[in-house]
Undergrad: 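Got a structure for you, questions after.
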There are 2 protein chains.
Amino acid sequence: MARKTGSHSDITGPKIRAEAQRLFARHGFAAVSMRQIAAAVGVQAGALYLYTPDKEALLFDLLRSHMEELLAAWEAEPRGAGARAALEQFVRFHIRFNLTRAEAVFLSYMELRNLSPENFAVIEALRKRYETELEAILKAGQAEGAFLLPDTKLATMAIIAMLTGVNTWFREGGRLSRETVETIYWDMVRKAVGA
Amino acid sequence: MARKTGSHSDITGPKIRAEAQRLFARHGFAAVSMRQIAAAVGVQAGALYLYTPDKEALLFDLLRSHMEELLAAWEAEPRGAGARAALEQFVRFHIRFNLTRAEAVFLSYMELRNLSPENFAVIEALRKRYETELEAILKAGQAEGAFLLPDTKLATMAIIAMLTGVNTWFREGGRLSRETVETIYWDMVRKAVGA
DNA sequence: ATGCTATCTGAACAGCCGTTCAATATCAAA
DNA sequence: TTTGATATTGAACGGCTGTTCAGATAGCAT
């Protein structure tokens, strides 16, 4: 046996990334073997190397794609006028976007240490760019007198941690809908920044 | 060679736990081998099994000890009168305690999935107990009219996520002292709960 | 129908994994 | 000084690891 009927890189490639993401998120990068990923895809381990130079590159690709899609989605988001509207937009966007990509978010927080220093720096830079988006909103709000904050840098970190935390407990079909959660978190954030 | 001069279970035992915690936190549970831990302790791999039945039990021990010490420390904390004082106490305690045990906190958040279902349930129950401590404060504050919260359960999760997030960026000797950070976070939490 | 290219297999590589255990050296008590 | 308990080694177990590659088949353009 060699090439399989119906085989196509347009199908196998994405399938590998999808299964890798699922398995890495579920068991952790180090705990998942290339043979497990291959089995999930329905292929032998050697075939994976047509699509990635090595295991770490597979992880890096997932993390970088996620961060770039996060930034692109935020930039494509409609922006209201004023810092207060922008902050509400950010809060709702962050919760909504992250909930639809729970596995990727999980990976981005858990598996950074499995990256080489160079790859780690790339992801860190993207994450920093995203944080700066929020900090810019907080600084603008502070300047226009809409917010009252002791420290915009700390507020940035606090708000992002708080919002990302939703992913750890939210379950579809639970007590509260995603929209309700967004609203409740927005209420707490709004108060916290003194708006 | 067999037994080493100066060898003692009172020394080797704690040393194994300390090195395991350090290595697990640094590289991840799955990525660290028993031989690496043994080498860090200065012993052969086989000797570890005088102190733990297997690798997972080593991790479980670290997580359970941490959670129990966290709960014990909180219970030993002096309690002020009223929900507002209690909440400030909690905020400052959580940041302070977690910063002094960064490795254990990191492990407790990252390595839960490497536990067997039974062991996972034990840690989850301890974590739940801790969360309930905060929620009780929020409920009491709500009842006595000190706080104004849309949902105490969500506020609990939001506050804990926000506070634990400090561990990801705080560095000793950085721009702000631990006490200043405590105060700033307390300010944000206080506003968020409407107090 | 032919030939080229894309895709995949299956075996092999060297090395590491968690764990067990008989043998052995040290320590502490008698 | 002898004896028994304690602590450790070092080798061995079967199995899994990431990665490479020659060989083989499927798809596609001619």
Side-chain angles (χ1 to χ4, degrees), chain A residues 1-24 26-63 107 111 113-116 118-119, chain B residues 1-24 26-63 107 111 113-116 118-119:
Chain A
M1 274 162 263
R3 182 169 188 175
K4 295 170 51 178
T5 70
S7 63
H8 239 299
S9 62
D10 291 348
I11 297 172
T12 308
K15 214 166 166 184
I16 287 173
R17 281 186 287 278
E19 294 295 342
Q21 177 165 100
R22 195 178 60 83
L23 289 167
F24 288 163
R26 186 116 55 193
H27 310 290
F29 174 77
V32 173
S33 73
M34 294 300 265
R35 283 172 181 81
Q36 280 174 59
I37 298 169
V41 173
V43 103
Q44 293 298 314
L48 301 182
Y49 291 84
L50 269 329
Y51 300 90
T52 184
D54 53 43
K55 194 186 176 191
E56 195 213 307
L58 194 47
L59 174 65
F60 176 62
D61 248 32
L62 293 171
L63 298 193
L107 274 190
E111 306 295 354
R113 59 184 163 192
N114 291 297
L115 260 27
S116 70
E118 306 84 46
N119 286 345
Chain B
M1 275 165 261
R3 182 169 186 172
K4 295 168 55 176
T5 69
S7 64
H8 238 299
S9 62
D10 291 347
I11 296 172
T12 309
K15 214 167 167 184
I16 288 173
R17 280 186 287 277
E19 293 295 342
Q21 177 165 102
R22 196 177 59 85
L23 288 167
F24 287 164
R26 186 117 53 193
H27 308 291
F29 174 77
V32 174
S33 72
M34 293 300 265
R35 283 172 180 83
Q36 280 175 58
I37 299 169
V41 173
V43 101
Q44 293 298 314
L48 300 182
Y49 291 85
L50 269 326
Y51 300 90
T52 184
D54 53 43
K55 193 186 175 190
E56 195 214 306
L58 192 48
L59 174 65
F60 177 61
D61 248 32
L62 292 171
L63 298 193
L107 273 189
E111 305 295 354
R113 59 183 164 190
N114 291 298
L115 261 27
S116 70
E118 307 83 48
N119 286 345

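Residue numbers start from 1 in every chain, and the chains themselves are labelled A, B, ... in the order their sequence lines are given, proteins ahead of strands.
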Undergrad: For the atom pair NZ (B/Lys15) and OH (B/Tyr51), what is the distance rounded to the nearest 0.5 Å?
TA: 11.0 Å
Undergrad: Rounded to whole angstroms, how far apart are CD1 on B/Ile37 and C1' on C/dT19?
TA: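 Whole-Å distance recorded here is 13 Å.
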Undergrad: Does a donor on one side chain sit under 3.5 Å from an acceptor on the other, for B/Glu56 and B/Asn119?
TA: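 Result is yes, a qualifying pair exists.
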Undergrad: Nearest heavy-atom pair of A/Glu111 and B/Arg113: which atoms, and what distance?
TA: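 Taking every non-hydrogen atom into account, OE2-NH2, 2.8 Å.
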Undergrad: Using OP1 and OP2 only, check whether a side-chain N or O of A/Lys4 sits under 4.0 Å from C/dC8.
TA: no
Undergrad: Taking N or O atoms only and anything under 3.5 Å, show me the protein contacts with nucleotides 12-14 of chain D, one pair per line.
TA:
| residue | atom | partner | partner atom | Å |
| --- | --- | --- | --- | --- |
| D/dA12 | N6 | B/Arg35 | NH2 | 3.3 |

Undergrad: Distance check, rounded to the nearest 0.5 Å: B/Arg26 atom CZ versus B/Gln21 atom CD?
TA: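 Taking CZ in B/Arg26 and CD in B/Gln21, the distance rounds to 11.5 Å.
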Undergrad: Provide, to the nearest angstrom, the distance between the CD1 atom belonging to A/Ile16 and the P atom belonging to C/dT7.
TA: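 Taking atom P of C/dT7 as the reference, CD1 of A/Ile16 is at 11 Å.
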Undergrad: Could you grab the distance from atom CG of A/Leu63 to atom CG of A/Asn114, nearest 0.5 Å is fine?
TA: 9.5 Å
Undergrad: At less than 4.0 Å, is any side-chain N or O atom of B/Gln36 found next to OP1 or OP2 of C/dC16? Yes or no.
TA: no
Undergrad: Exactly one of B/Leu107, B/Leu62, B/Leu59 should register a side-chain contact (heavy atoms from CB on, under 4.5 Å) with B/Phe29. Which one does?
TA: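 Going through the options one by one, the only one that passes is B/Leu59.
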Undergrad: Table please: side-chain donor-acceptor pairs of residues 31-48 of chain A below 3.5 Å, with sequence neighbours left out.
TA:
| residue | atom | partner | partner atom | Å |
| --- | --- | --- | --- | --- |
| A/Ser33 | OG | A/Arg35 | N | 3.4 |
| A/Ser33 | OG | A/Gln36 | N | 3.1 |

Undergrad: Kindly indicate, with the supporting measurements, whether the criterion side chain to side chain contact (heavy atoms under 4.5 Å, CB included) is fulfilled by B/Phe60 and B/Lys55.
TA: CA-CA 9 Å; B/Phe60 177 61; B/Lys55 193 186 175 190; over 6 Å; no
Undergrad: So, is B/Ser33 near the phosphate of C/dC16, with a side-chain N or O under 4.0 Å from OP1 or OP2?
TA: no
Undergrad: Reckon A/Glu56 touches a base, only the sugar-phosphate, or nothing at all at heavy-atom distances under 4.0 Å?
TA: nothing
Undergrad: How long is the line joining CE of A/Met34 and C1' of C/dG10, in whole Å?
TA: 17 Å
Undergrad: Has B/Arg3 got a side-chain atom pairing as donor or acceptor with B/Ser7's backbone, closer than 3.5 angstrom?
TA: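 Yes, B/Arg3 side chain to B/Ser7 backbone: donor-acceptor pair under 3.5 Å.
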Undergrad: Suppose we screen for side chain to side chain donor-acceptor pair (under 3.5 Å). Which residues come up paired with A/Thr12, at least two apart in sequence or across chains?
TA: none
Undergrad: So which of residues 42-50 of chain A are in contact with DNA chain C, with a heavy-atom cut-off of under 4.0 Å?
TA: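 Nucleic-acid contacts, sorted: A/Val43, A/Gln44, A/Gly46, A/Ala47, A/Leu50.
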Undergrad: Tell me the bend of the helix from C/dA1-D/dT30 to C/dA30-D/dT1 as the angle between end helix axes, each from five pairs, rounded to the nearest 10 degrees.
TA: 10°
Undergrad: Look at the side chain of A/Arg3 and the base of C/dA6, then say whether one donor and one acceptor between them are separated by less than 3.5 Å.
TA: yes
Undergrad: Would you say A/Tyr51 places a side-chain N or O within less than 4.0 Å of OP1 or OP2 belonging to C/dT7?
TA: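 No.
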Undergrad: Can you give me the closest heavy-atom contact between B/Pro14 and B/Ser9, atom names plus distance?
TA: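 Looking at all heavy atoms of both residues, the shortest contact is CD-O, 3.8 Å.
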Undergrad: How close do A/Ile11 and A/Gly6 get, counting heavy atoms only, and between which atoms?
TA: CD1-O, 4.4 Å
Undergrad: Check DNA chain C against residues 5-14 of chain B and give the residues with a non-hydrogen atom under 4.0 Å, in numerical order.
TA: B/Thr5, B/Gly6, B/His8
Undergrad: Once you round to the nearest 0.5 Å, how far does CD1 of A/Ile16 lie from CG of A/Asp61?
TA: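 The CD1 atom of A/Ile16 sits 11.5 Å away from the CG atom of A/Asp61.
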Undergrad: Just checking B/Val32: base, sugar-phosphate only, or nothing, at a heavy-atom cut-off of under 4.0 Å?
TA: sugar-phosphate
Undergrad: Just the rounded figure in Å: distance from P of D/dT20 to NZ of A/Lys55.
TA: 15 Å
Undergrad: Determine whether a donor-acceptor pair (N or O, by modelled atom type, separation under 3.5 Å) exists between the side chain of B/Thr52 and the backbone of B/Tyr49.
TA: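 No; zero donor-acceptor contacts below 3.5 Å.
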